[in-house]
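Take a look at the structure below.
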Amino acid sequence: MANNFIKIGDLANMTGITVRTLHYYDEIGLLKPYQVTEKGHRIYNMQSVKVLYQIIAMKDMGFSPDEIKDLILSKDIDILSLIEIQLSNVQEEIVQKQQLFGKLLKLKERIKDNKNLSLEDIQEIVPFINLSADKFFTKEQLVELKDRLSSFNSEKEAGSEWLEFISKLKYCYKNKLSKTDITAI
């Protein structure tokens, strides 16, 4: 990073964004490089890093590339406000994950102790799983899971079906499989 200039590959490595994504951002006018060399290499400066952080933060908040572009072009975005919003969002996610973690530990202990789950045990953690399930499952798969849960006739059936579901979820999470992967079904 001589003279505070950053090559596109270095910027990609720094931020975890792919070079292809940075090319795309350039193509749509979202993040233009500070300079393009005679050989066509994109060079960025520290202002580019600041803008890229804003893009990443707004994308994380659910804005589309077009919405982000409009926001960046129309206003001077307060990076401190974006950081505060992200901190708040992360803190909320941590609280939810800690609650889910506690409930899953409790569920695990029940399974280890007597292998007998009640429908209430399962229903207690469903809301927490629903909060992040869209990261792992398609809409159709979630509907199927909810239908299965509501159609359980006995606690024993619920327990075995639920264990199978947890096993598949653990496998997909451990192997970083996408929600559309066939093994997630």
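For this chain, numbers begin at 1 and follow the sequence in order.
Using a 4.5 Å cut-off between side-chain heavy atoms of Ile, Leu, Val, Met, Phe, Trp and Tyr, with links allowed through other members, Ile56 and Val90 fall into different hydrophobic clusters. Note on Val36: it does not cluster hydrophobically with Leu30, by side-chain heavy-atom contacts below 4.5 Å among ILVMFWY residues. A continuous path of hydrophobic side-chain contacts links Ile17 to Val19 [ILVMFWY only; heavy atoms under 4.5 Å].
Side chain of Thr15 to backbone of Leu11: a donor-acceptor contact under 3.5 angstrom is found.
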Pair Leu31-Tyr44, side chain to side chain contact (heavy atoms under 4.5 Å, CB included): steps then yes or no: CA-CA 10 Å; Leu31 178 67; Tyr44 296 87; 4.1 Å; yes

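A pairwise comparison of heavy atoms in Ile43 and Pro33 identifies O-CB, 3.4 Å as the closest pair.
For residues 35-46, the pairs satisfying salt bridge (Lys or Arg N to Asp or Glu O under 4.0 Å) are Asp26-Arg42, with sequence neighbours left out. Applying the ring pair (Phe, Tyr, Trp, His ring centres under 6.0 Å) test to pairs two or more places apart or on separate chains, none has a residue in residues 9-33.
The CD1 atom of Ile68 lies 8.5 Å from the CD1 atom of Ile28; values are rounded to the nearest 0.5 Å. Taking CG of Leu22 as the start and CD of Glu27 as the end, the distance is 11.0 Å to the nearest 0.5 Å.
Crowding of Gln91 atom CD: a count of heavy atoms from other residues, nucleotides or ligands under 6.0 Å not exceeding 12. More than 12 heavy atoms of other residues, nucleotides or ligands shown are found within 6.0 angstrom of NZ on Lys32.
Looking at residues two or more places apart in sequence or on another chain, you find a ring-ring contact (aromatic ring centres under 6.0 Å, His included) between Tyr34 and Phe5.
Between Ile6 and Val49, some side-chain heavy-atom pair lies under the 4.5 Å cut-off. Side-chain contact between Val51 and Gln47 is present, with at least one heavy-atom pair separated by less than 4.5 Å.
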